[in-house]
Enquirer: 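This is the structure I want to talk about, given as structure tokens.
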Amino acid sequence: MDFSRVFTDATPLLMKGLLNTVVISLLAILIGFVIGLAVCFMGRSKHIVVRAIAAVYVWVIRGTPMIVQAFLVFFAFPQVMSMFIKGFTIQAFTAGLITLSLNAGAYMSEIFRGGISAVSVGQIEAARSLGLSHSRTMLKIVLPQAFKFSIPSLVNQFIITVKDSSILSVIGLADIVNQAKVYVGATYDFFPTYITVAIYYLVIISILMVISKIVEKKLSYEK
Amino acid sequence: MKNKVKVTNLYKSFGDNNVLKGINLEISEGEVVCLIGASGSGKSTLLRCLNRLEDSTSGTIEVDDFEISDPKLDINKVRENIGMVFQQFNLFANKTVLDNITFAPVELKKMTKAEAKEKAMALLKRVGLSEKADSYPHQLSGGQQQRVAIARALAMNPDIMLFDEPTSALDPEMVGEVLQVMRELANEGMTMVVVTHEMGFARDVADRVLFMSDGVIAEEGTPEQIFTNPSKQVTKDFLSHVLNA
């Protein structure tokens, strides 16, 4: 149990893992954000089929554990695909990114939905009574306010996405957790290694929280 | 006087709930009409039908010779000329006072930014809130918010103004400042339809008072007739209720 040894020996390994964790989380947050917005609008569509697709997507993602989704994308999906395309495989990183993005997207679509319904009907009526079209009212009045209402929940979701990325170590993504597992497998330095891993996560998430606080301040209506 | 509003045989129901049961109404240019009546009598619904915030169930509504219920009508274009003031003010929470007022004229390309700002500052001066141009709505009192809301509606140069219980959400000490602005507007010849519980205002300012009860206009007349010599028993009951409260 030697902290200094872990610090010198494990750091290069963990740093590599950290990079993977940060990259996959940031990408999943970005892609999830786009999916979330799209699904949120699909859920408000006039067409029942479009609404149904959105509802089923959110239902399935929220209703199944992410570890199962990761197995489906990484193992099951290539198995099915290889029946059509010989030797079809999928990289752990790609499968992990798909899983994490789909997950973040489902939860973010719900966050956006909540944000939009938190904007009072009166705001919409005021804009419409001035002669603005429905779409312009959405774009200029509803969405900016809905986005602001959504920020605390979005930040929460970002944090969850960063932490959930650790689950992807089970499909072989070389993230911090996986690298640590490799390291302790050889050295048995469980305590210092996992403490170090925990601190890494704390640092990433703290940075995320500081950034979001700045954004929140920037968007507030106070002068 | 030119006819501004003509409502013929208007019915409106929400599901099984029949709120308006055959409204006939004409309002001429420059006229100030106050709608009074108990809660649930259909006053606000009637007002909201005039700019199609509510779709009518049957009947016709003409405003400025446009048939409001015509599905082919570009309602947004017609709404540009119909100002509306709400009970809950409904100022855009994400915009400053100035931006609240300039937003629609600029967005709808009625004015350039500079023109809209000039107009907004003039309107703010008129409602006595020049120094609040850069404030956000939540930093203002209810009375101030409502005065900004009136300025916002006026920025589009409407030729008719609808007021939906504009003072009902205000603390008593702020009612006067809002009514004062409305009074001035009436004196300048604006066509106004006002749903109100302020009997004093109706008596002083209205050219005509409509008493609504159970989805119909039960009685109408000059303020003099309605307040001192109502002919119907429902009107008498309502007035004795609100005036002696």
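Lettering follows sequence order; numbering is per chain, from 1. These figures come from a predicted structure and were not determined experimentally.
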Enquirer: Count the heavy-atom pairs under 4.5 Å between each of B:Asn81, B:Leu108, B:Leu162 and chain A, then report the option with the highest count.
Expert: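 Counting heavy-atom pairs under 4.5 Å, the top option is B:Leu108.
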Enquirer: Is A:Gln123 reaching over with its side chain to a backbone N or O of B:Leu91, donor-acceptor style, under 3.5 angstrom?
Expert: yes
Enquirer: Side chain, backbone, both or neither: which part of B:Phe92 has a heavy atom under 4.5 Å from chain A?
Expert: both
Enquirer: How about A:Glu216: does its CD atom have over 12 heavy atoms from other parts shown lying under 6.0 Å from it?
Expert: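 Correct, the count exceeds 12.
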Enquirer: Closest approach of B:Arg152 and A:Ala126, non-hydrogen atoms and distance?
Expert: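 Residues B:Arg152 and A:Ala126, closest heavy atoms: NH2-CB, 3.3 Å.
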Enquirer: Ignoring hydrogens, what is the shortest heavy-atom contact between B:Met156 and A:Leu130? Give both atom names and the distance.
Expert: CE-O, 3.6 Å
Enquirer: Checking B:Phe103 against chain A: side chain, backbone, both or neither under 4.5 Å from a heavy atom?
Expert: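 Contact with chain A is through the side chain of B:Phe103 alone.
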Enquirer: So if I take each residue of residues 28-64 of chain A and look for any heavy atom under 4.5 Å from a heavy atom in chain B, which residues do I end up with?
Expert: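 So far as heavy atoms go, nothing in residues 28-64 of chain A approaches chain B to under 4.5 Å.
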Enquirer: For chain A, which residues from residues 59-73 of chain B lie under 4.5 Å away (heavy-atom distances)?
Expert: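 Against chain A, none of the residues of residues 59-73 of chain B fall inside the cut-off of heavy atoms under 4.5 Å.
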Enquirer: Where on B:Gln88 is there a heavy atom nearer than 4.5 Å to chain A: the side chain, the backbone, both, or neither?
Expert: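 For B:Gln88, neither part sits under 4.5 Å from chain A.
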Enquirer: Tell me, out of A:Ala127, A:Gly122, A:Ser120, who's got the most heavy-atom pairs with chain B below 4.5 Å.
Expert: A:Gly122
Enquirer: Count the heavy atoms belonging to other residues, nucleotides or ligands that lie under 6.0 Å from CZ of A:Phe84, then report whether that count exceeds 12.
Expert: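 Open.
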Enquirer: Is it the side chain or the backbone of B:Lys77 that comes within 4.5 Å of chain A heavy atoms, both, or neither?
Expert: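 B:Lys77 has no heavy atom closer than 4.5 Å to chain A.
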Enquirer: Under a 4.5 Å heavy-atom cut-off, does chain B meet the side chain of A:Lys140, its backbone, both or neither?
Expert: both
Enquirer: Report the option among B:Gln87, B:Arg48, B:Arg52 that has the most heavy-atom pairs separated by less than 4.5 Å from atoms of chain A.
Expert: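 With the most close heavy-atom pairs to chain A, the winner is B:Arg48.
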Enquirer: Run the side chain to side chain donor-acceptor pair (under 3.5 Å) test on B:Asn76 and A:Arg128 for me, step by step, so that the C-alpha distance in whole Å, both residues' side-chain angles and the decisive distance to 0.1 Å come before the verdict.
Expert: CA-CA 7 Å; B:Asn76 296 328; A:Arg128 299 305 308 273; 3.3 Å; yes
Enquirer: What distance separates B:Asp164 CG from A:Ser129 OG, expressed to the nearest 0.5 Å?
Expert: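 Nearest 0.5 Å value for the CG-OG distance: 11.0 Å.
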Enquirer: Please lay out, stage by stage, how B:Arg79 and A:Leu132 fare under the test side chain to side chain contact (heavy atoms under 4.5 Å, CB included).
Expert: CA-CA 8 Å; B:Arg79 280 175 177 157; A:Leu132 273 96; over 6 Å; no
Enquirer: Where does B:Asn94 contact chain A at under 4.5 Å (heavy atoms): side chain, backbone, both or neither?
Expert: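 Contact with chain A involves both backbone and side-chain atoms of B:Asn94.
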Enquirer: Within the supplied structure, the quantity of interest is the number of heavy atoms (other residues, nucleotides, ligands) at a distance under 6.0 Å from A:Met81 CE; does it exceed 12?
Expert: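 Count over threshold, so yes.
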